[in-house]
There are 2 protein chains.
Amino acid sequence: MGIRCRILWGEVAVRKPTIGIATVAAEAGVGVGTVSRVLNGSNQVNEATRIRVLSTIERLDYRPLRSASSLSKGRTDAVGILVSVITRPSVMARLVGVIDVLSDAGLDAVVFNVENRAQFERHLSSIIDQRRVDGIISISLRIPEERVTRIRKLGIPLVLVDNSLPNFPCVYIDDVAGGNMATKHLLSLGHRRVGFIGDNEHTALGKSSSEDRYVGYLMALEAAGIEPDFDLVARGPHTSEAAAALTSAQFELGQHRPTAIFASSDTLAVGVIKAAQHHGLKIPDDCAVIGFDNLDISSILDISTVNQPLLESGIKGASKMVSLLNGEIAKPHREELPLDVVPRGSSLGIQRNNSTKLYGVVEGPIGLQILQRGEELVS
Amino acid sequence: MGIRCRILWGEVAVRKPTIGIATVAAEAGVGVGTVSRVLNGSNQVNEATRIRVLSTIERLDYRPLRSASSLSKGRTDAVGILVSVITRPSVMARLVGVIDVLSDAGLDAVVFNVENRAQFERHLSSIIDQRRVDGIISISLRIPEERVTRIRKLGIPLVLVDNSLPNFPCVYIDDVAGGNMATKHLLSLGHRRVGFIGDNEHTALGKSSSEDRYVGYLMALEAAGIEPDFDLVARGPHTSEAAAALTSAQFELGQHRPTAIFASSDTLAVGVIKAAQHHGLKIPDDCAVIGFDNLDISSILDISTVNQPLLESGIKGASKMVSLLNGEIAKPHREELPLDVVPRGSSLGIQRNNSTKLYGVVEGPIGLQILQRGEELVS
DNA sequence: TCCCATTTCGGAACCGGTTCCATGGCATGC
DNA sequence: GCATGCCATGGAACCGGTTCCGAAATGGGA
């Protein structure tokens, strides 16, 4: 009934009495079953008894052991979250949505940060083979085929956020359409030489959002009857520094340089803008820019972008997991979230017909000249 | 030995045979103890036997159940991470450090996102009372006194990151000194009217970093023999919008307006800069700005700041937790991390004597004119 | 050949809740 | 008064690894 003996260094035996459910039951003069029922809020217990048990629990400062409960119940009430490079703001936002929903549902959120292939494999096998969680939510990651097969065979609940896989619940966007929208936006402003700056990190372990957006870019060009110029297409690591370097190269093409650039993420768009400034090009007059994701920074820097519901994707994904674990079938198994272009100063420039007061052009080493819609910012 | 029966809807009984350690033992012709030893890498097992057991495990596709192991071992191998508003980039960076170290140590990182007092209490009691984790890491949060008492009494390992508490391991910075350094930097540039923009969110549940930095600000003024002007001190929510509004009010003081502003975080500094531009003030000539934290955005926008090792704080904090759980005493129980001023364009302006080529001043609605040290960005 | 130390191994007891079945008490219906 | 049914309850069996003790096998030395 909870007496553990341990011999320390050949000295006297040390008793470490643990207060378990049996102790509580004995102390309250009831059976263990009753205590368990009280703990789990069963309505099968008399009110007077319940109160007596509760007060005993209080008095003994009894705290039920989660792992014992998990063992009996056959579930951990925890969900594993596999997350690709967590530091990316877009990934972060999704993660927050996931965590909030899970914790509201009383589920533990066990986060696994995946930064390389080896780590990915290690985490996957740890999750799958050690049965430490009831389900898996994968954010912006592409799970290797053999793992998917195994997960499917074992019947482990899996939900994908920002990716999709046949026969699994998922929440995703149409990146091709998004790339198309962004490019069309630039084309609609009259640009004919539109560049593309993307990242190449999907090769590692993520989903190839950038490549999908590139496909959309090509489609938009084709629809406009424009022959793609592959000198205006470049890919590199997912950093603004890399994007700046790639863009810089395009700006050195002289009269063949792009007059507008679609960066496959806002982070890259920042680099594009840096490069433009480096070359003395005015934005958007000399070069229009649009990004993707609608991160905080794009709003701060007044960068046009394609908005996708990041937080919401996490919320919806986690909700599907909760339904799955509760045995309810998530009705719309697969869910595509809407996208929309957010036109800002980096493509539109100052809208002269905007009646609100605009910021003047400021000189100086820092000219973070932000075009705000109206005065709300400094209200 | 692992046969579970369940009656479904009054239909036939369904047998769900589970493959447990006993099955493996029987199948391999050994005892359960041996299988367990193999699983845990004990060296008390003959090589031939080990191989036989491993192949049986492989053949049966046996996966040990984490919660059973936890129950016997008396530990969960999981650590709870309490995190204040996770979306803040500074908090995020610390979290990443923590998660990486924990997962390297084979510990699960269970993340609890705390956004309000009620959530905080709920998560705390869930963690403490349900014994779901072996230890707690608290990031940028101030734990209520009564909870601390309880944690201490129960002997739950607790590590604080970006905060400190007597007799608990912690990793922190000297915010007072940081505020002092930032303000001194501005004073050293000749400014006498230095404003302070801080946040007031510590009242809720976080640590009062902003207030500590304010104290440092006051000390620096005093050391310079400057009487503080409380018209130049303002606090609001932790958003650049709020900071912009507060700053704007200061700029309307006419000749009494500040010529330099210390913002207690980079996020706020962005708002300060927005407000300056709104008022047609050049930075840093008309108003110098320094922030705090050295976030990505401050580097992108060339904002002077005070650097603190964010990722490192997480790494060190988690390492302390690992030591604690391993029974090793974390030697330097409390650890203060170093701070340093990172002077950038928002306070220094263009350094004319810098030999590297500088970006020209660009006109246009977006003049994200970033002063880079050298060409490495567009290399 | 016998003795003792070492290595390897089997398996019962145990970790601490959960669940299900048996039981007792009480009210209702005939 | 007795059968019936429901509610509340006790407690044994169970969940599936871990650990420890005792024992068997092995090997080396006298």
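Proteins come first, then strands; the chains are lettered A, B, ... in the order of their sequence lines, and each starts at number 1.
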| message | Please tell me if A:S36 has a side-chain N or O lying less than 4.0 Å from either OP1 or OP2 of C:dT18. | response |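 The answer is yes; a side-chain N or O of A:S36 sits under 4.0 Å from OP1 or OP2.
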
| query | If only side-chain N and O atoms of A:T34 are considered, is one of them under 4.0 Å from the OP1 or OP2 phosphate oxygen of D:dG10? | reply | yes

Rounded to whole Å, how long is the line connecting atom [atom1] of [X] with atom [atom2] of [N]?
{"X": "A:E47", "N": "D:dC7", "atom1": "CD", "atom2": "P", "value": "16 Å"}
{"X": "B:Q44", "N": "D:dA24", "atom1": "CD", "atom2": "P", "value": "19 Å"}
{"X": "A:L39", "N": "D:dT9", "atom1": "CG", "atom2": "C1'", "value": "15 Å"}
{"X": "A:I21", "N": "D:dA12", "atom1": "CD1", "atom2": "C1'", "value": "14 Å"}
{"X": "B:N46", "N": "C:dT6", "atom1": "CG", "atom2": "C1'", "value": "13 Å"}
{"X": "A:L71", "N": "C:dT18", "atom1": "CG", "atom2": "P", "value": "11 Å"}
{"X": "B:N43", "N": "C:dT8", "atom1": "CG", "atom2": "C1'", "value": "11 Å"}
{"X": "B:R131", "N": "C:dG16", "atom1": "CZ", "atom2": "C1'", "value": "9 Å"}

| query | For A:R122 and B:D104, what are the C-alpha separation, side-chain angles and deciding distance, and is it a salt bridge (charged side-chain N to carboxylate O under 4.0 Å, His left out)? | reply | CA-CA 10 Å; A:R122 196 156 50 84; B:D104 281 350; 3.6 Å; yes

| message | Looking at B:D162 and B:Y172, would you say the former's side chain and the latter's main chain have a donor-acceptor pair under 3.5 Å? | response |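 Not a single qualifying donor-acceptor pair exists.
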
| Heavy-atom donor-acceptor pair, B:D77 side chain to B:L107 backbone, under 3.5 Å | no

Could you check whether the side chain of [X] and the base of [N] have a donor-acceptor pair of N or O atoms closer than 3.5 Å, going by distance alone?
{"X": "B:S69", "N": "D:dG17", "value": "no"}
{"X": "B:R37", "N": "D:dG17", "value": "no"}
{"X": "A:R63", "N": "C:dG16", "value": "no"}
{"X": "B:S70", "N": "D:dG17", "value": "no"}

| task | Enter the distance from A:S67:OG to B:L71:CG here, rounded to the nearest 0.5 Å. | result |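 So the OG of A:S67 and the CG of B:L71 are separated by 5.5 Å.
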
| Looking for any heavy atom pair under 4.0 Å, which part of the strands does B:V30 touch: base, sugar-phosphate only, or nothing? |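 Touches sugar-phosphate only.
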
| message | Using a heavy-atom cut-off of 4.0 Å across all strands, would you classify B:G74 as base, sugar-phosphate, or nothing? | response | nothing

| said: I want to verify a distance call: between D:dG16, C:dG16, D:dT9, whose nearest atom is closest to the B:T18 side chain? | reply: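 Of the candidates, D:dG16 comes closest.
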
| Closest nucleotide among D:dG10, D:dG17, C:dA12 to the B:V32 side chain |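 The closest nucleotide is C:dA12.
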
| query | Is the shortest distance from a Lys or Arg side-chain nitrogen in B:R150 or A:D61 to a carboxylate oxygen in the other one below 4.0 Å? | reply | yes

